[in-house]
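Atom set for the values below is all heavy atoms of this structure, side chains included, hydrogens, waters and symmetry mates excluded.
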Amino acid sequence: TFNPANYTISYVNGSLGVTPAALGIAANAAVKGYDGLAWSGGNGVTYTGLRGTDTAASLSGTLTYGGTSQGAINAGNYSLRPSGLSSPNYTITYVNGSLGITPATLGIAANSSSKTYGTALLFNGTEFSSTGLQNAETIGSVNLTSLGAGSTATVEDSPYAIVASGATGGSFNPA
């Protein structure tokens with residue numbers, strides 16, 4: 001058996017290294033309807049790998065967002081890229097998220113009209129109303145057609161449909 005009296009013991013210290021833990025920071029996806037306003041910021045993040053009692057407040061820096069989503073206005077899909085946080089206790093990996101801007105619903109209705117038999121009706125493209133335009137956008141004109149617009153249209157086939165299409169001009173973006 002070991003008897004310490006038989007030895008002169010010399011102790012040598014070793015070292016214990018602590019390596020950073022892996023931490024994932026993923027941007028949360030976001031979806032909004034088109035409203036004519038630029039997107040800025042993000043939709044929060046999800047942390048994966050915080051240890052012990054650590055929280056997001058345990059990290060240094062300020063969470064920021066980049067990617068194609070910043071300033072995005074038009075309908076489409078854009079990237080949300082988180083960044084800006086650090087900690088000596090973590091090796092941080094960022095995961096991009098996405099922003100989807102869905103098209104707004106725009107209704108364009110041809111105004112009802114009438115004419116006298118034997119005359120022609122010419123549309124100038126402003127005989128319509130609209131619903132759903134965003135952020136004070138406007139429509140310049142709409143193509144309006146009707147089989148009843150010609151001078152040969154008869155009373156017995158009345159009423160004729162007025163068909164609206166091809167909205168252009170103004171400040172709206174059809175996309």
Side-chain angles (χ1 to χ4, degrees), residues 23-49 55-57 59 61-85 92-175:
L23 176 63
I25 301 176
N28 296 332
V31 176
K32 78 169 194 152
Y34 172 77
D35 59 7
L37 302 175
W39 175 272
S40 64
N43 192 36
V45 294
T46 300
Y47 297 91
T48 305
T55 65
L59 304 173
T62 301
L63 179 63
T64 59
Y65 295 93
T68 58
S69 65
Q70 302 310 294
I73 296 173
N74 295 319
N77 293 309
Y78 303 92
S79 65
L80 280 166
R81 189 178 65 242
S83 64
L85 299 176
I92 298 174
T93 302
Y94 291 98
V95 178
N96 291 347
S98 63
L99 165 67
I101 300 177
T102 59
T105 300
L106 174 59
I108 299 174
N111 295 343
S112 294
S113 187
S114 63
K115 69 173 192 114
T116 303
Y117 171 72
T119 64
L121 176 63
L122 298 175
F123 297 106
N124 65 21
T126 60
E127 303 90 346
F128 68 93
S129 62
S130 64
T131 57
L133 284 168
Q134 301 294 312
N135 202 28
E137 293 176 333
T138 61
I139 298 171
S141 66
V142 173
N143 293 331
L144 299 166
T145 59
S146 176
L147 294 176
S151 61
T152 60
T154 63
V155 173
E156 65 190 28
D157 292 327
S158 178
Y160 294 88
I162 300 174
V163 178
S165 65
T168 61
S171 61
F172 89 113
N173 177 347

Could you tell me whether the side chain of [Y] reaches within less than 4.5 Å of the side chain of [X], counting heavy atoms only?
X: Leu121; Y: Thr119; result: no
X: Ile73; Y: Asn173; result: no
X: Tyr65; Y: Gln70; result: yes
X: Ser158; Y: Tyr117; result: no
X: Asn77; Y: Ser98; result: no

For a quick test of reading the model, state the closest non-hydrogen atom pair linking [X] to [Y] and the distance between them.
X: Ala72; Y: Leu99; value: CB-CD2, 4.4 Å
X: Thr102; Y: Gly33; value: OG1-CA, 3.4 Å
X: Leu144; Y: Gly125; value: CD1-CA, 4.2 Å
X: Ser69; Y: Gly41; value: OG-O, 4.5 Å
X: Leu23; Y: Gly49; value: CD1-C, 3.9 Å
X: Tyr94; Y: Gly84; value: OH-N, 3.5 Å

Residue pairs passing the side chain to side chain donor-acceptor pair (under 3.5 Å) test with at least one member in residues 27-40, sequence neighbours excluded, are Asn28-Thr46, Lys32-Asp35, Tyr34-Glu137

Find the distance between [atom1] ([X]) and [atom2] ([Y]) and round it off to the nearest 0.5 Å.
X: Thr126; Y: Ile139; atom1: OG1; atom2: CD1; result: 12.0 Å
X: Leu85; Y: Thr62; atom1: CG; atom2: OG1; result: 7.5 Å
X: Thr131; Y: Leu106; atom1: OG1; atom2: CG; result: 6.5 Å
X: Asp157; Y: Leu147; atom1: CG; atom2: CG; result: 9.5 Å
X: Lys115; Y: Ser146; atom1: NZ; atom2: OG; result: 8.5 Å
X: Tyr47; Y: Thr55; atom1: OH; atom2: OG1; result: 8.5 Å

**Item:** Test side-chain contact (heavy atoms from CB on, under 4.5 Å) applied to Tyr160 and Thr154, step by step
**Value:** CA-CA 10 Å; Tyr160 294 88; Thr154 63; 3.6 Å; yes

Closer than 3.5 angstrom, by distance alone: can the side chain of [X] be matched with the main-chain N or O of [Y] as a donor-acceptor pair?
X: Ser151; Y: Ala120; result: no
X: Thr138; Y: Ser171; result: yes
X: Ser79; Y: Thr68; result: yes

Contacts of Ser129 meeting side chain to side chain contact (heavy atoms under 4.5 Å, CB included) (sequence neighbours excluded), chain-then-number -> Ala109, Asn111

Taking atom CG of Leu37 as the centre, report whether more than 12 heavy atoms of other residues, nucleotides or ligands fall under 6.0 Å from it. yes

Starting from the C-alpha separation in whole Å, work towards a yes-or-no answer on side-chain contact (heavy atoms from CB on, under 4.5 Å) for Ile25 and Leu59. CA-CA 11 Å; Ile25 301 176; Leu59 304 173; 4.3 Å; yes

